[in-house]
Amino acid sequence: MEEKQLHWADYYAEKIIREKGDKEVYVCASGITPSGTVHIGNFREIISVELVVRALRQKGKKVRFIYSWDDYDVFRRVPSNIKNRQIMETYLRKPITSVPDPEGREESYARVYEKELEELLPLLGIEPEYIYQANMYKSSTYAGGIKKALEKRETIRKILNEHRTSPLPHDWWPLSVFCTSCQRDTTKMLNWDGEWEITYSCNSCGNRQNLDIRKTSSVKLPWRVDWPMRWDFEDVDFEPAGKDHHSEGGSFDTAKKIVTAVYEHSPPVTFQYDFLSIKGRGGKISSSTGDVVSLKDVLAIYQPQVIRYLFAGTRPNTEFAISFDLDVLKIYEDYDRCERIYFGLEKIGEKREAKEKRIYELSQIGEPPGRIPYQVPFRHLCNLVQIHVGDVEAVVEGFKGIVDDEKDYIRARARCAWNWINLYAPDEFKFLLKGEDDKPIETDDTGRKVLSLFKNEVIEKLDSCDDQSLSKVLFDTARKSGLKTGDFFKYIYQALIGKDRGPRLANFLLAAGKEKIEKALKHY
RNA sequence: GGGCCGUUAGCUCAGCCGGUAGAGCAGCAGACUCUUAAUCUGCGGGUCGAAGGUUCGAUCCCUUCACGGCUCACCA
């Protein structure tokens, strides 16, 4: 306890224990409205909570990690990239769980996005307990909390008015009603009997009705009241939020006041996390063309551990960019280095070492592996995977004498490498090794001479050389050709991959193997 | 107008419950007959945005200011 906290997740875990006292179970919460693909920026909140949850558990605490799908929110606008636009527009103002999936796959519009994320999170070792707010409201679970809000209407009004430019109207109620006839929230609350009954009328369809809040499935608290009510209901101890919520007058700020004044419950421990940006794929998470950078997009390029590493290694309150450009290579290198430090294979300062080790632990899906995984640099995999034209299994089989776990690890990384090559790598990185069916490129006399020399002098030695000795053979051969080495290599690359340059040749030849090289040069 | 965050080597950033600063890249020098930020080795005195204050001592705490960014004040 008195030891200095090296990592922010441990710091907040400790803060929660300190401020909330000794509890049987600590509740950590996160959540979002599933009104579109949950993007990588939203993911920052989830992973932030998960890291703190893990830190708490490692301190021997029981933790309930809840993730709230705010799927009783209103369908406010049709995103620009959605199908069946016109039909979708007819569902505006209804709860998003009552809006259909435009492509007909899932039971509702909200469910599409919920499922998308729920299927991905376990890959990262994140397994919260999901709470579906539409179900909670529809089953009147919150009736007590709603009544309390109605009772404290003036208190709430006062709190909200503190920061509003125009005060809430006199007939305002802290409740929104979905019309039982047309399902839209275009309603006006008319009366509350002081107990459980409310009266509303609908501006869309003219329906007017009395509802018992203990029985109806059609009422909901507005967001700024809903949030503190749920803090009380679930007894939330910790929930971070973005800076939009954290400003004075923002929803976290008013929620804090409301939970105290109305629900007589202390607000959760929190922190503010900053936004993410994207490097190498437009600057914004959600580009104007409508495609957002989702967790799936990031998983295509980064192994789950590396994604965790990215977030665990960055303070939550600083902005940072997820990169899809050349930085990807660097980030994998950094991760591997962190791993070597964890396993004691690389030395740095004592303090930094402890920190790196903690980051490594938090980056793992589960427990850290017992011994260091077989590390293959991402850059090297980019070459291997191209030699085998995306055949990841062939790449994996190229590694001899490794166990299944290691194969899985390399396989996962090789897939990322292949995706990166295809989606983001600059052209200089890309190549395609010629096969026996490819037409030979046009070459001149010198070229033919070089290639025949190469075939005679180099190919035979492929099986018996290592990187260094083959390198020597190559340069000996180059000298023998009488050309400048640069020109010599150029001819070889042209024949092999149709480009002037390519991956470092010796290593490249070895990785490709004698057979593939022979096939590539068959017609010369 | 309010709030939050940032301002540290050319660049990107780390360091922050106080003890006169570090890492990567770039750069420079050297090595490898080497192509894909090639690799290896060596080299880091920068008023830690400005001015005050607290302290034996501040990049790290307090105050004020400047610049930059984000955000709230409509909804979630």
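Order of the sequence lines sets the chain letters (A, B, ...), proteins ahead of strands, with each chain counted from 1. As a basis for the values below, the full set of heavy atoms in this structure was taken, side chains included, without hydrogen atoms, waters or symmetry mates.
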### Query
Closest to the A/Tyr493 side chain: B/A73, B/A76, B/U35?
B/U35
### Message
Let's see if you can work this out: which of B/U35, B/C75, B/A76 has an atom nearest to the side-chain heavy atoms of A/Arg164?
### Response
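So the nucleotide nearest the side chain must be B/C75.
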### Query
Roughly how far apart are A/Thr187 OG1 and A/Phe178 CZ, rounded to 0.5 Å?
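So the OG1 of A/Thr187 and the CZ of A/Phe178 are separated by 8.5 Å.
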### Task
Answer with base, sugar-phosphate or nothing: what part of the nucleic acid does A/Ser35 contact at a heavy-atom distance below 4.0 Å?
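Nothing: the residue A/Ser35, judged by heavy atoms under 4.0 Å, touches no strand.
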### Task
Give A/Pro426 one of three labels, base, sugar-phosphate or nothing, depending on what nucleic acid heavy atoms sit under 4.0 Å from its own.
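It contacts nothing in the nucleic acid.
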Grab the [atom1]-[atom2] distance between [X] and [N] for me, whole Å please.
{"X": "A/Asp244", "N": "B/C70", "atom1": "CG", "atom2": "C1'", "value": "10 Å"}
{"X": "A/Asp334", "N": "B/C25", "atom1": "CG", "atom2": "C1'", "value": "12 Å"}
{"X": "A/Leu329", "N": "B/G24", "atom1": "CG", "atom2": "C1'", "value": "14 Å"}
{"X": "A/Trp172", "N": "B/C74", "atom1": "CH2", "atom2": "C1'", "value": "14 Å"}
{"X": "A/Ile341", "N": "B/G24", "atom1": "CD1", "atom2": "P", "value": "11 Å"}
{"X": "A/Ile331", "N": "B/C25", "atom1": "CD1", "atom2": "C1'", "value": "14 Å"}
{"X": "A/His245", "N": "B/A73", "atom1": "NE2", "atom2": "P", "value": "10 Å"}
{"X": "A/Phe75", "N": "B/A76", "atom1": "CZ", "atom2": "P", "value": "17 Å"}

Provide the Watson-Crick or G-U wobble partner of [N], both distances under 3.5 Å; none if there is no partner.
{"N": "B/G49", "result": "B/C65"}
{"N": "B/G57", "result": "none"}
{"N": "B/C16", "result": "none"}
{"N": "B/C40", "result": "B/G30"}
{"N": "B/C70", "result": "B/G3"}
{"N": "B/G24", "result": "B/C11"}
{"N": "B/U35", "result": "none"}

### Message
Please determine whether a side-chain nitrogen or oxygen atom of A/Arg379 lies at a distance below 4.0 Å from atom OP1 or OP2 of B/A38.
### Response
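Negative; the distance criterion is not met.
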Pairwise [atom1] distance, [M] and [N] [rounded to whole Å]:
{"N": "B/C72", "M": "B/U64", "atom1": "P", "answer": "25 Å"}
{"N": "B/G52", "M": "B/C16", "atom1": "P", "answer": "27 Å"}
{"N": "B/U59", "M": "B/C40", "atom1": "P", "answer": "36 Å"}
{"N": "B/A23", "M": "B/A9", "atom1": "P", "answer": "15 Å"}
{"N": "B/A76", "M": "B/G69", "atom1": "C1'", "answer": "24 Å"}
{"N": "B/U63", "M": "B/G22", "atom1": "C1'", "answer": "30 Å"}
{"N": "B/U41", "M": "B/A14", "atom1": "C1'", "answer": "25 Å"}
{"N": "B/C60", "M": "B/U39", "atom1": "P", "answer": "38 Å"}

### Task
Ignoring hydrogens and angles, answer whether the base of B/A23 and the side-chain atoms of A/Arg337 contain a donor-acceptor pair closer than 3.5 Å.
no
### Message
So, under a plain 3.5 Å distance rule, would you say the side chain of A/Arg504 forms a donor-acceptor pair with the base of B/A38?
### Response
yes
Could you list the protein-to-nucleotides 1-11 of chain B atom pairs, N/O on both sides, closer than 3.5 Å?
from, atom 1, to, atom 2, distance (Å)
B/G2, O2', A/Glu248, OE2, 3.3
B/C4, O2', A/Gln272, OE1, 3.4
B/C4, O2', A/Gln272, NE2, 3.1

Tell me every residue that passes ring pair (Phe, Tyr, Trp, His ring centres under 6.0 Å) with [X], counting only those two or more places apart in sequence or in another chain.
{"X": "A/Trp223", "value": "A/Trp227, A/His245"}
{"X": "A/Tyr309", "value": "A/Tyr335"}
{"X": "A/Tyr12", "value": "A/Phe271"}

## Note on the structure
Here the salt bridge (Lys or Arg N to Asp or Glu O under 4.0 Å) pairs for residues 73-82 of chain A, sequence neighbours left out, are A/Asp73-A/Lys220
## Note on the structure
Applied to residues 306-318 of chain A, the salt bridge (Lys or Arg N to Asp or Glu O under 4.0 Å) test, sequence neighbours excluded, yields A/Glu50-A/Arg308
### Query
How are the rings of A/Tyr72 and A/Tyr137 set relative to one another: parallel (under 30°), tilted (30 to 60°) or perpendicular (over 60°)?
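If you compare the ring of A/Tyr72 with that of A/Tyr137, the planes turn out parallel.
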### Shortest non-hydrogen contact from A/Ile359 toward A/Gly313
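Closest approach of A/Ile359 to A/Gly313, heavy atoms only: CD1-CA, 3.9 Å.
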#### Entry: 5' priority, RNA chain B, between A/Asn383 and A/Lys330 [closest heavy atom]
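Checking each residue's closest nucleotide, the 5'-ward one belongs to A/Lys330.
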### Summary
Heavy-atom nearest nucleotide on RNA chain B taken for A/Arg315 and for A/Glu333; more 5' hit belongs to A/Arg315
### Query
Looking only at side chains, do A/Arg93 and A/Gln183 share a donor and an acceptor under 3.5 Å apart?
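No donor-acceptor contact under 3.5 Å links the two side chains.
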### Query
Are more than 12 heavy atoms from other residues, nucleotides or ligands located less than 6.0 Å from atom NZ of A/Lys499?
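Atom NZ in A/Lys499 is crowded, with more than 12 foreign heavy atoms closer than 6.0 Å.
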